[in-house]
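Read the structure below first, then the notes.
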2 protein chains.
Amino acid sequence: MSHPIRLALVGMGKIAHDQHVPAIAANAHIVLAATVSRHGEGVPSVPHFRDIDDLIASGLAIDAVSLCTPPQVRRAIAARAIAQGWHVFLEKPPGATLAEVAQLRAAADAAGISLFASWHSRYAPGVEPARAFLADTAIRKVTVTWREDIRVWHPGQAWILEAGGFGVFDPGINALSIVTRILPRPFFIEDAELDFPANCDAPIAARIRFSDDAGLPIEADFDFRQEGPQSWDIAVETDRGTLMLHDGGARLVLPDGSEPSRKVALHGEYAGLYHRFAEIVRAGTSDVDIAPLRHVADAFLRGRRITVEPFVE
Amino acid sequence: MSHPIRLALVGMGKIAHDQHVPAIAANAHIVLAATVSRHGEGVPSVPHFRDIDDLIASGLAIDAVSLCTPPQVRRAIAARAIAQGWHVFLEKPPGATLAEVAQLRAAADAAGISLFASWHSRYAPGVEPARAFLADTAIRKVTVTWREDIRVWHPGQAWILEAGGFGVFDPGINALSIVTRILPRPFFIEDAELDFPANCDAPIAARIRFSDDAGLPIEADFDFRQEGPQSWDIAVETDRGTLMLHDGGARLVLPDGSEPSRKVALHGEYAGLYHRFAEIVRAGTSDVDIAPLRHVADAFLRGRRITVEPFVE
């Protein structure tokens, strides 16, 4: 299309206001044409609708939607948008189940529109340099430590610990989206332990042991109960020393102590996501990598479950 | 290959002796060349090995393996077999995780061997006639009732209620393999409830509500605690009346009361599976439909979990 992509932002919660609105404003190829939210606030001077049916009924010219609602309700909205011929940007995780994502992909392909399963952490500045370093390095062990305080980072987001809300995998899937990007070979779960609060349907912590065909040990420690210092770290032991990704991929320290990510300009993860979205819309393609979501489903399927004390926010 | 497929059967438990051995014996294109099992018994006059490494070390000429071990240990054996260039037949479910099945498929493709994810229930005599009937019929509702007594059907199979053993989805995935075959459109989970015995890591019962893009209601009731009459039934309400599949797909009753499956010769589900395996080996292709396993992983991911009384066999 010759005009900028006219985008409606659906689900005006914390992530929409903190990340999507500024990233869209900074992208010359995308214009925020509408916001949609039952409870959340809109953006000054941008038309606001209560739900996607109201948006459709308005007749406003829309090319694409970006969905920031909780995963449990995302599929139905995405299906409505695809039926309108609108391109669809899905916040992570791309859905509450793998089957619905496969079905959205098939519907998008049939409709000739672009579907984007976004993984914002892959756009953190340390990720691509880490991938490049590891491409030709023998890897011995990977340790993922993702420990954050749910009360600090997810206030009022009760849906996270409800069924389909992913629990600690809501942040943990960010780590998995990085590890699946930087490691040169696919891997799979060998063993997992999930801690479920007695009053919740999603885990508050998880410990997972992965491996690959070469027997590489990959361990992940996800915990939502971390008080004090927070950790979003990935350590990769190689035959050239240990590579460290800190701060959710923002900071890369190579074994020699150098920090290549400091040399690149920081555009922000969501700027990278919207750049990519505009790119696939222009190219008429989709970008749907289900590997991180598949690992989460596998952890639920394969894991032992431990009941822990109830969680009260 | 011009000679019959020389097949090693791995994991000599109940299903191997009850179904695989007779189906192989009845197939002119396959010969049972070896059995492999740490605890199970072999077959008279067929070489027996303790594990796949012993089989490999023996130098016996093998073309294919059929894996009947519990899903938790299947991947490593399958990977060893693929590395030998052997074709691989996987009992259902094809693995303990979706990622490992994807990886086996990639390894099989790279090695140029055939991988078969078997779904024996799809070879029940009522399934294909049901599929044909439903292909051009408006469907209103689907009800799956799969209720069996774990103590009767799975004596001594403690792995079923352990992590990665699938629990009630071990039989339930058979129902899902039929429903995904007979319905003309893909579907996805909207809601699920899983009952976990307090002392088990896999559910003993599950109630699942699926839907598809057209809003078709599909309900599944899986229960391992069924005493008295057992149920393996699928009811499909259509605008031409209700179609019933009984006995795990063995018996089809169409809305007019006719039973087309009675007209076809009964070769048995495992005869059908080995016929198909020989066919894909000859054609140099693979047959790996992950849809049933994906629904199970989705149920664990999406479901509410209810703790019920401990299970003691």
Side-chain angles (χ1 to χ4, degrees), chain A residues 71-72 75-76 79-80 82-83 93 95-104 106-107 110 162-167 169 180 185-194 196 198 200-203 210-215 290-307, chain B residues 71-72 75-76 79-80 82-83 93 95-104 106-107 110 162-167 169 180 185-194 196 198 200-203 210-215 290-307:
Chain A
Q72 294 98 323
R75 189 210 67 80
R80 290 284 283 146
I82 292 170
T97 63
L98 287 158
E100 74 190 48
V101 177
Q103 176 60 6
L104 288 178
E162 292 171 2
F166 290 77
F169 289 97
T180 49
R185 288 188 304 273
F187 50 90
F188 40 78
I189 290 177
E190 295 223 309
D191 193 27
E193 269 184 2
L194 280 61
F196 288 85
C200 297
D201 283 310
F210 301 88
S211 189
D212 68 6
D213 272 343
I290 57 114
L293 180 58
R294 190 169 59 195
H295 282 310
V296 174
D298 281 344
F300 278 78
L301 178 65
R302 187 68 181 83
R304 279 169 285 134
R305 52 206 69 240
I306 296 167
T307 302
Chain B
Q72 294 98 321
R75 190 209 67 80
R80 291 285 283 147
I82 293 170
T97 63
L98 287 158
E100 75 190 49
V101 177
Q103 175 60 7
L104 288 178
E162 292 171 2
F166 290 78
F169 289 98
T180 50
R185 288 187 304 273
F187 50 90
F188 40 78
I189 290 176
E190 296 223 309
D191 193 26
E193 270 184 3
L194 280 61
F196 288 86
C200 297
D201 283 310
F210 301 88
S211 189
D212 68 5
D213 273 343
I290 57 114
L293 180 59
R294 189 169 60 195
H295 282 309
V296 175
D298 282 345
F300 278 78
L301 178 65
R302 187 69 181 81
R304 280 169 284 136
R305 53 206 69 239
I306 295 166
T307 302

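Values in this document were obtained by computation on a predicted structure and should not be read as measured data. A, B, ... follow the sequence lines: proteins, then strands. Residue 1 opens every chain.
Looking at F196(A), the atoms closer than 4.5 Å to chain B (heavy atoms on both sides) all sit in the side chain, from C-beta outward. Both the backbone and the side chain of Q72(A) have a heavy atom closer than 4.5 Å to some heavy atom of chain B. For chain A, the nearby part of F187(B) is the backbone; its heavy atoms alone come within less than 4.5 Å. For a residue to count as touching a neighbouring chain, one of its non-hydrogen atoms must lie under 4.5 Å from one of that chain's; by this rule F169(A) does not touch chain B. Contact annotation for R75(A): only side-chain heavy atoms (C-beta onward) come within less than 4.5 Å of a heavy atom of chain B.
Taking the salt bridge (charged side-chain N to carboxylate O under 4.0 Å, His left out) definition, one finds that R80(B) meets it with D53(B), sequence neighbours left out.
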Pairs of donor and acceptor atoms involving the side chains of residues 292-300 of chain A, under 3.5 Å and at least two apart or interchain, shall be tabulated with distances.
from	atom 1	to	atom 2	distance (Å)
D298(A)	OD1	L98(B)	N	2.7
D298(A)	OD2	L98(B)	N	3.3
D298(A)	OD2	A99(B)	N	2.8

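When side chains are defined from C-beta on, E162(B) does not count as touching D201(B), because their heavy atoms never get closer than 4.5 Å. Considering only heavy atoms from C-beta on, D213(A) comes within 4.5 Å of Q103(B) through its side chain.
Counting heavy-atom pairs under 4.5 Å between each of D191(B), I290(B), L301(B), D212(B) and chain A puts L301(B) at the top.
Note: C200(B) SG to R305(A) CZ = 11.0 Å, rounded to the nearest 0.5 Å.
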